[in-house]
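In what follows, residues are counted from 1 in the order of the sequence shown. Computed from a predicted structure; not experimentally measured.
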Amino acid sequence: MSKTYGNYVVVDGELGIIDEKVIEEAKELLLEHAEESMLETGVEIDKDRVEWVIRQAYKSSFGPVPEKLTEDSEPVITIGWKYIVNETE
């Protein structure tokens, strides 16, 4: 049995146009927060096992969605992490 942990942030912009530094800084901040919050649950993160998910999305009243819902939908980028912990660890 395993548990999956994760979180994400939304940044205004488009992949390919946004400066890669913005994505790297967001990943650093997310990892820092992940390490702190996971320690509170008793889990120490192995940075090499963190999986990153970076996707183009669009603003909507439901949150980020993968496709434009209206012509005025503004582009955003979701940057997230996922960490799987086996119960035996």
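For the atom pair CD1 (I79) and CG (N7), the distance works out to 12.0 Å, reported to the nearest 0.5 Å. The distance from the CG atom of L30 to the CD atom of E25 is 12.0 Å, given to the nearest 0.5 Å.
What you find for R49 and V85 is that their closest heavy atoms are NH2-CA, 4.4 Å. The minimum heavy-atom distance between N86 and S2, with the atom names listed, is OD1-CB, 3.5 Å.
Each of P75, P66, P64 was evaluated against Y58; a single residue qualifies, P75, per the side chain to side chain contact (heavy atoms under 4.5 Å, CB included) test.
As a member of the Ile/Leu/Val/Met/Phe/Trp/Tyr network built from side-chain separations under 4.5 Å, V76 groups with Y8, V10.
Hydrophobic clustering of Ile, Leu, Val, Met, Phe, Trp and Tyr side chains at less than 4.5 Å, counting indirect connections, keeps I45 apart from V53. Residues W81 and L15 share a hydrophobic cluster, clusters being chains of Ile/Leu/Val/Met/Phe/Trp/Tyr side chains in contact below 4.5 Å. Tracing side-chain contacts under 4.5 Å through hydrophobic residues (I, L, V, M, F, W, Y), one reaches V22 starting from L31; they form part of the same cluster.
In this structure, K27 is positioned above the aromatic face of W52, its NZ or CZ under 6.0 Å from the six-membered ring centre and within 45° of the axis.
Salt-bridge check for E24 with K21: failed, with every basic side-chain N at 4.0 Å or more from each acidic carboxylate O.
At a threshold of 4.5 Å between non-hydrogen side-chain atoms, the residues T4 and K82 count as touching. Taking 4.5 Å as the limit, every side-chain heavy atom of Y5 sits out of range of all side-chain heavy atoms of I84. Between M38 and E44 the shortest side-chain heavy-atom distance does not fall below 4.5 Å.
Other residues, nucleotides and ligands place no more than 12 heavy atoms under 6.0 Å from the NZ atom of K3.
Between the side chain of Y83 and the backbone N or O of K47 there is no donor-acceptor pair closer than 3.5 Å.
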